[in-house]
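In what follows, every heavy atom counts, from backbone to side chain, and hydrogens, waters and symmetry copies are set aside.
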Amino acid sequence: GSSKRIIIRGDRNVVLGAEIDALTESPYLIGDKNTVINSSDFQLSNSTKENTIIGSTSITSSNSTGKNAALHSQNIDFNNGYENISIKSINTSYTGSNKSVALLDSNSHISGDSSVLINTTNITDDGSDNIYIGGSNHIIVGSVSENTFIGGNNHTATGNGNKNVFLGATGGETSDSNNIVAGSSNKIGTNLKHSFIHGAQHTLRPSTSQRNIIVGFQHSMQKEANVNNSFIGGNRLVISSSNSFGYGKGLDIAYENMGAFGKFNDSTANGSASSLFTVGCGPSSTFARNAMNVVSATVSGNGHRAIVYLDQLVDFNFADDSAAASAGIGIGGLYHTEGTVKIRLE
């Protein structure tokens, strides 16, 4: 074709519109079965063969052997790669990669083995064996590997963030392994693993935690927390202990083997006794209250027992049903008369 300064060593090469620079003694376009169309000053060397490059510009594939392919390519670098495929790619670099696949990619950078990128945009990856399907603008920092991104964008995996699955995850941070993450803006620390996280704006950075299910909005695990085998749902729960179940708003899961429902419970009530079951009824975190609190305690002469607290009932001291009704206690509601618990019947 309209070639300039080219060196071709091999057989069955097709070159059209080439401007392959050979100003030095370095070999350019060495190998066989290469197809280059509308090419520019790029280099394929060290017996690279069976490469197909169309619409290419400034491609470098030095020290690479294999079956690389590029379409609509621009500034692609296949360093040390093998069997890489890039379609409609721009500024793609698969440095050190092996058997990578890209489709409709743009500005991608990846380093690792057996990675797959489909419909990608601005992907940066320094790990290995990661899969991107439909996602964009994800960032892998360090030797992070075996993650799967399906949809979503702007997610960051760092540290030990390996073997995670991200389903539509957007704008989050992940530093540990074996989690399934969906939702947006979740921050997952280095010690949460084997868990399912869904929802938005969770901050989960415990000392050690695993095997949890966390769904909803703005839940948090404290740095000193050790939380295992818990299910948390709702809005703004604080999770501190294992084997717990919480669903509601603003609940404090402060004890192991605890179930909590309602909203804004008071974990310090009843002498900070270890709660087994709590129904919160507070209007806000500033005014946390319990409608019911079943706690585990040792009762003198009776050993280890459960005590039921009805903290709100203490304030409902009325002489009779008429007075209770005037105060807003409905039929079937509990109140007391100087310590004698009653049910309003009329």
Inset, instruction - Any chance you could measure Ser296, atom OG, to Arg305, atom CZ, to the nearest 0.5 Å? - result: 11.0 Å
Which donor-acceptor pairs under 3.5 Å do side chains of residues 163-171 form with protein atoms, sequence neighbours excluded?
{"residue": "Asn164", "atom": "OD1", "partner": "Asn178", "partner atom": "N", "Å": "3.2"}
{"residue": "Asn164", "atom": "OD1", "partner": "Asn179", "partner atom": "N", "Å": "2.7"}
{"residue": "Asn164", "atom": "ND2", "partner": "Asn147", "partner atom": "OD1", "Å": "3.2"}
{"residue": "Asn164", "atom": "ND2", "partner": "Asn162", "partner atom": "O", "Å": "3.4"}
{"residue": "Asn164", "atom": "ND2", "partner": "Asp176", "partner atom": "O", "Å": "2.7"}
{"residue": "Thr170", "atom": "OG1", "partner": "Gly168", "partner atom": "O", "Å": "3.4"}

Inset, instruction - Side-chain contact test, heavy atoms from C-beta onward, threshold under 4.5 Å: evaluate it for Ser275 versus Val295 and give yes or no. - result: yes
Inset, instruction - Applying ring pair (Phe, Tyr, Trp, His ring centres under 6.0 Å), name anything that partners Phe196, two or more places apart in sequence or on another chain. - result: none
Legend entry - No-hydrogen, no-angle side-chain donor-acceptor test under 3.5 Å, Gln312 and Asn290: no
Inset, instruction - Only one of Asp311, Asn270, Asn265 passes side chain to side chain donor-acceptor pair (under 3.5 Å) with Asn293; say which it is. - result: Asn270
Inset, instruction - Determine, using the 4.5 Å side-chain heavy-atom cutoff (strictly less than), whether Val308 and Tyr335 are members of one ILVMFWY cluster. - result: yes
Inset, instruction - Please step through side chain to side chain contact (heavy atoms under 4.5 Å, CB included) for the pair Arg289 and Asp266, ending with a clear verdict. - result: CA-CA 5 Å; Arg289 297 169 182 168; Asp266 184 2; 5.6 Å; no
Inset, instruction - Specify whether Phe245 and Phe261 have parallel, tilted or perpendicular ring planes, treating 30° as the upper limit for parallel and 60° as the lower limit for perpendicular. - result: tilted
Legend entry - Check: Ser230 side chain, Asn243 main-chain N or O, donor-acceptor pair, under 3.5 Å: yes
Inset, instruction - Would you mind listing every ring pair (Phe, Tyr, Trp, His ring centres under 6.0 Å) that reaches into residues 168-192, with sequence neighbours excluded? - result: none
Inset, instruction - Only counting residues at least two apart or in another chain, list the ones meeting salt bridge (charged side-chain N to carboxylate O under 4.0 Å, His left out) with Arg344. - result: none
Inset, instruction - Quick one: closest heavy-atom pair of Ala225 and Ser209, and the distance? - result: O-OG, 4.2 Å
Inset, instruction - Determine the minimum heavy-atom distance between Met258 and Thr278, stating which atoms define it. - result: CE-OG1, 3.8 Å
Inset, instruction - To the nearest 0.5 angstrom, please state how far the OG1 atom of Thr174 sits from the NZ atom of Lys193. - result: 13.5 Å
Legend entry - Over all atoms of both residues, closest heavy-atom pair of Ile239 and His219: CD1-CB, 4.2 Å
Legend entry - Contact summary for Ala157 and Val144, nearest pair of heavy atoms: O-CG2, 3.8 Å
Inset, instruction - Kindly indicate whether the side chain of Asn212, heavy atoms from C-beta on, has any atom under 4.5 Å from the side chain of Leu192. - result: yes
Inset, instruction - Would you kindly confirm whether Ile329 and Leu313 end up in one hydrophobic cluster when ILVMFWY residues are joined by side chain heavy atoms under 4.5 Å apart? - result: yes
Legend entry - Flag side-chain contact, heavy atom, 4.5 Å: Leu334 against Phe316: no
Legend entry - NE2-CD1 distance between His198 and Ile214, expressed to the nearest 0.5 angstrom: 13.0 Å
Inset, instruction - Give the C-alpha distance, both sets of side-chain angles, the deciding distance and a yes or no for side chain to side chain contact (heavy atoms under 4.5 Å, CB included) between Phe264 and Thr286. - result: CA-CA 9 Å; Phe264 299 109; Thr286 306; over 6 Å; no
Inset, instruction - Please round to the nearest 0.5 Å and tell me the distance separating atom CG of Asn235 and atom OH of Tyr247. - result: 10.0 Å
Legend entry - Shortest non-hydrogen separation from His336 to Val314 and the atoms involved: NE2-O, 3.0 Å
Legend entry - Rounded distance [0.5 Å steps], CG in Asn186 versus NE2 in His202: 5.0 Å
Legend entry - Hydrophobic cluster identity match, Phe318 and Val341, side-chain contacts under 4.5 Å: yes
Legend entry - With Lys249 via salt bridge (charged side-chain N to carboxylate O under 4.0 Å, His left out) - residues at least two apart: none
Inset, instruction - Report the distance from atom CD1 of Ile188 to atom OG of Ser175, rounding to the nearest 0.5 Å. - result: 8.5 Å
Legend entry - Side chains of Arg211 and Asn229, donor plus acceptor under 3.5 Å: yes
Legend entry - Pair Thr208, Asn191: side-chain N/O donor-acceptor within cut-off below 3.5 Å: no
Legend entry - Which residues share a salt bridge (charged side-chain N to carboxylate O under 4.0 Å, His left out) with Glu256, sequence neighbours left out: none
Legend entry - Same apolar cluster (I L V M F W Y, side chains within < 4.5 Å links), Ile87/Ile37: yes
Inset, instruction - Give the minimum heavy-atom separation between Ala291 and Cys281, together with the two atoms involved. - result: N-SG, 3.5 Å
Inset, instruction - Indicate, with yes or no, if Ile213 and Ile180 share a hydrophobic cluster defined by side-chain heavy-atom contacts under 4.5 Å among Ile, Leu, Val, Met, Phe, Trp and Tyr. - result: yes
Inset, instruction - Tell me, yes or no, whether the heavy-atom count around Phe231 atom CZ, taken from other residues, nucleotides or ligands under 6.0 Å, exceeds 12. - result: yes
Inset, instruction - Answer yes or no: does atom NZ of Lys342 have more than 12 heavy-atom neighbours from other residues, nucleotides or ligands under 6.0 Å? - result: yes
Inset, instruction - Could you walk me through whether Thr337 and Asp320 pass the side chain to side chain contact (heavy atoms under 4.5 Å, CB included) test, one step at a time? - result: CA-CA 7 Å; Thr337 302; Asp320 50 31; over 6 Å; no
Legend entry - Residue Ile343 excluded, over 12 heavy atoms near CD1 under 6.0 Å: no
Inset, instruction - Using modelled atom types only, decide if a donor and an acceptor are shared between the side chain of Ser240 and the backbone of Asp252 within a distance under 3.5 Å. - result: no
Inset, instruction - Please tell me if the side chains of Val227 and Pro206 come closer than 4.5 Å, counting only heavy atoms from C-beta onward. - result: no
Inset, instruction - If the plane angle is over 60° it's perpendicular, under 30° parallel, otherwise tilted; pick one for Tyr132 and Phe149. - result: parallel
